[in-house]
Structures are given as structure tokens and as C-alpha cells.
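Just so we're clear, the structure is a prediction, and the values are computed from it rather than from any experiment. A, B, ... follow the sequence lines: proteins, then strands. Residue 1 opens every chain.
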Amino acid sequence: MDKTFRLVLFLFALFSVSLIGVVVYALQNLRRAQQATQWVEHTHAFMAEVNAALAANRSAEGALHAYLLSESPRQETAFRQAFAQLGEHLEVAKALAEAEGLPTTDLAAFETALIARADRARELLAAHRAGDHESVRETLNREPETTEAEITALAQRITTSQQELLRERDRASFLRDLRATHALYLTAGINLLVLITGGWFIRDNLRTRSREAALLARTNEELEERVKERTAEIAGKNQLLRMENLESRWKTQAVDHQLRYNNLIIASVRTPIAVITRALNISRVNPAMERLSAQTVTELVDRPLAELVELVPGSESSAGLDVIAAALRAGQDLVDHPALLHRPGRPDRKIQLSLFPLRDSDHIVGGVITLYAPPD
Amino acid sequence: MKPTILTIDDEDVILRMLYEFLEIQGYTVLAAHSPREAKEVMADHTIDLIITDLQLENSDGLELVEEIRQLNPDIPVVLLTGVWFDEHTIDAKLSHKISAYHNKTAPLNELGVSVARLLAKSSE
């Protein structure tokens, strides 16, 4: 795994973690917002119920007083309904306070005051039904345990405290929203940075790979070109070598051919021929010499010429083969010199010997002896 | 198309070397050991040049050349032999029968030059 790939993988992981974090954070905020909304709605409902309870109390007491004066059944119905609504509003307010964990001290005082007012109303109603008008008047003139102004102030205090709580909640929500906004911007910025960085690395890596691929292709082309040139060079040299080898073999066969051809010529000559060295030893003979001397080539070659022929005594020279040696040294031909040919198991035969020195450039390298045997 | 050369020699080693040499030079090479084989080859192929030995088994190369000349007077014939001829003999006896003479002791390269020259001349 190369470095760039590891880096891109790391950036992708960072991006993913960041994204997951933002999603979790957003979900938490959403849940909190829902809770806050519910709390606000319940708080407003709570305040409305308190105010409604206060209004119901006033309405109930007003209807009660009107009933005491008029004994109107409609007023009786009105105060009974108002007191019933007062009880319902108080129960709902208590339930909301308990559900949302609102402060209940003032609410308890408010409830106690309202209960006291209700007890007073029951006392008035009982005295009125008993026909004790004196007692009714006394009760009405007596200062109640909790005045209307005190009940209103309690309700106002509850409302004010709830409004304060609402403002605190608003501030907290605002700060939370601000933090969420900052977190979102920060995360978006980080993600954008990560994407840009990843993109830059990928682009850089792609460019590098592209450059490397182009370089590789160029190198391959150059290599192929060099291989072609080298192959052509080797093929050329190989062909040259083949030609040189062929020329060499051709020369060898030409020499062999010429040698074979020359041997054929020598072998076909009817005149007995022997080739001698400068030391007067036989180095080569032809078949005619074999026939005349009655010896094979194996018996003749490498033997001294003196064992094969002997110059006739009394002729120009009687000193063995000195005449031949002298002619060889001088490079002179010796023609038809009388001589005797020694033949094993047979009598010597009179012959005429001729010598032709062999010259290689300016040097005498040996000689050719030809024999002529006159008919017996 | 590559020129086709017919080589005639009774020695295998000569035919093999000529084949190798002429094939390197870029020619199509056909070989015959005798005049009879040569005539068979010529009957089946179009020959651009003939290289023949003088001394063939049971025959004479010059006789074969004369027969070839009767059939195709324009075909170049190179005489390649181990027999030495002096210039006078070549001029007097051979020049009207053959296109070129080469001794077998001469380098192959000279034969190649001669073959190329004759083929170029015949294609003009």
C-alpha cells in the first residue's frame, strides 16, 4: 500500500468520523429542541391554567355573591360551574408543573389561598341555605384570610417566575444554537479542508503516476529501440561471422580440392617420382616409384635416398650421392645420370636418374627425383 | 521477388556452402548434382542464373552449358571450377559459352560480386 493511498484513506476516515460526529450532534440538538419546545408549550399552558384558575375564582365568587342577593338559579349554576373549572385548572396546572419539574412552592400557596376562598364560599352558601342572613353578612364583612390582591399577586409571581424560566431557556437555546452553528461551520470547514487536501493529494498522485507512466513508456520505447539496434547489430555481426566462417571453409575446401587434384596428377604420372629432403631422405613417392622399386610407400618414405639408388661408379662422380647433394645446394638440375636401383630380393636395375631442386621463394627446400628405367 | 540461382556440382560440400552463401546474399537457391538433375530442376522452375562446375560426374559442365544455351541463350552461366585456366584459354575457349569464370580457390565474395553484376545486367 503506497503512501498516498494510506493518506487518502486516513483523510476519508477523518471525513467519515467528522460527518458521523455532526450527524450525532445534530440529532442530539434536534431532540433537545423538541424537548425545549415541549417544555415551552407546557410552561405557557401552565401559566394559562394559573391565570384561568384566577379568573375562574373571580367568576365563581362574583356569581356566588349574585346568587346570595338574588337566589337566581342561573347564578347558582354559574358559580358551581366556575368553582368546578377552578378545580380543573388547578389540577392541570399541578400536573404540568410536576411533568416539567417546575417550581411548585408558589403554586402550593396559590392553591392554598384558592382553597381558603372556596371554604369561605362554602361557609357563605351554608349560612344562606340555613337562612342565617346575619352570619352571611358577618362572613362577607370579615376580612378573608387571603385577599383577592394577594391571590392575584401569587398568580402574578408564578407567571413572572415562569417567564423568567422561559427567558433563561431562550438564552440557553440561543447559546446552544450558536454552538451548534459554530460546530457545523467548523465541521463543514474541516470536511472541506479534508476534501481539498484529499483531492490535492489524489491529483498530485495521479499526475505523478501519469508522469511515471509516460517516463516508463518512453524508457520502454528507448529500450525497444536499443534492443532493435542491438539485434540488428548482432544480426549484422552474425552474418559477417557466417560469411567469414564460410570463406574460411571455402578456402579449406579449395586447398583440399587442389591437394587432392595435385595428388591425382602425381599419382597418374607413369614416371617414377620421389621427393627428397635437403638431407637426401625420401619424403614422398608416387605409385610408379612403388612399382619400379618393388617397395611400398611405407617402406620407402623416411629412408635415405642412398638406400634406394646408387650412382654408377666411374661416371661423373663416384662419391656416392655427393653429386646430388651438390646439385641440390647449387640449385642445379641433374638430368639422366646413370644409376642403380636397389630392389629388395631382386637384382639391382640400371636406371637414369634426374634431379630437379624444389624452390620455395629463394630457398631450396628439397628436390624431385625422377627415374627412367630403359627396357631390360 | 528474389532471383533464383541453380547451382550444379557433384560435391555435396560445395553445394551446401554455395547454398549458404547465396542464401545469405538474398537469393533463392536450387541445387543439382548432375546435368540430368539440373535439367529436371530447370523444367520445374524459372532460373535467373546458373553456377556450374566444369567436371561433373559422367559429364562435362561445358556440354551442359551448351545444352542450356540452346534452350535459353540469355541465361547467365558462371563456371566455378578447381581447374586453372589462363586468360588466353578463357578468352579463346570459354568466353563465348559462359558469362563468368571463377576458380574454386578464389574467395566467395568475388563470386558474389560477379553473380550480382550478372543478375543486374540480365534484368536491364
Peer 1: So which bits of residues 205-235 of chain A come within less than 4.5 Å of chain B, counting non-hydrogen atoms only?
Peer 2: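 Checking residues 205-235 of chain A against chain B gives no residue, so none.
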Peer 1: Considering only residues two or more places apart or on different chains, which pairs with a residue in residues 287-301 of chain A satisfy salt bridge (charged side-chain N to carboxylate O under 4.0 Å, His left out)?
Peer 2: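 Matches after skipping sequence neighbours: none remain.
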Peer 1: What residues, two or more places apart in sequence or in another chain, satisfy side-chain contact (heavy atoms from CB on, under 4.5 Å) together with A:L358?
Peer 2: A:V275, A:V365, A:V368
Peer 1: Show me the donor-acceptor pairs under 3.5 Å between chain A and chain B.
Peer 2:
| unit_1 | atom_1 | unit_2 | atom_2 | d |
| --- | --- | --- | --- | --- |
| A:E247 | OE1 | B:L108 | N | 2.7 |
| A:E247 | OE2 | B:L108 | N | 3.1 |
| A:E247 | OE2 | B:N109 | N | 2.6 |
| A:R249 | NH1 | B:E20 | OE1 | 3.4 |
| A:R249 | NH2 | B:E20 | OE1 | 3.3 |
| A:W250 | NE1 | B:K104 | O | 3.0 |
| A:W250 | NE1 | B:A106 | O | 2.9 |
| A:Q258 | NE2 | B:G82 | O | 2.8 |
| A:R260 | NH2 | B:E11 | OE1 | 3.3 |

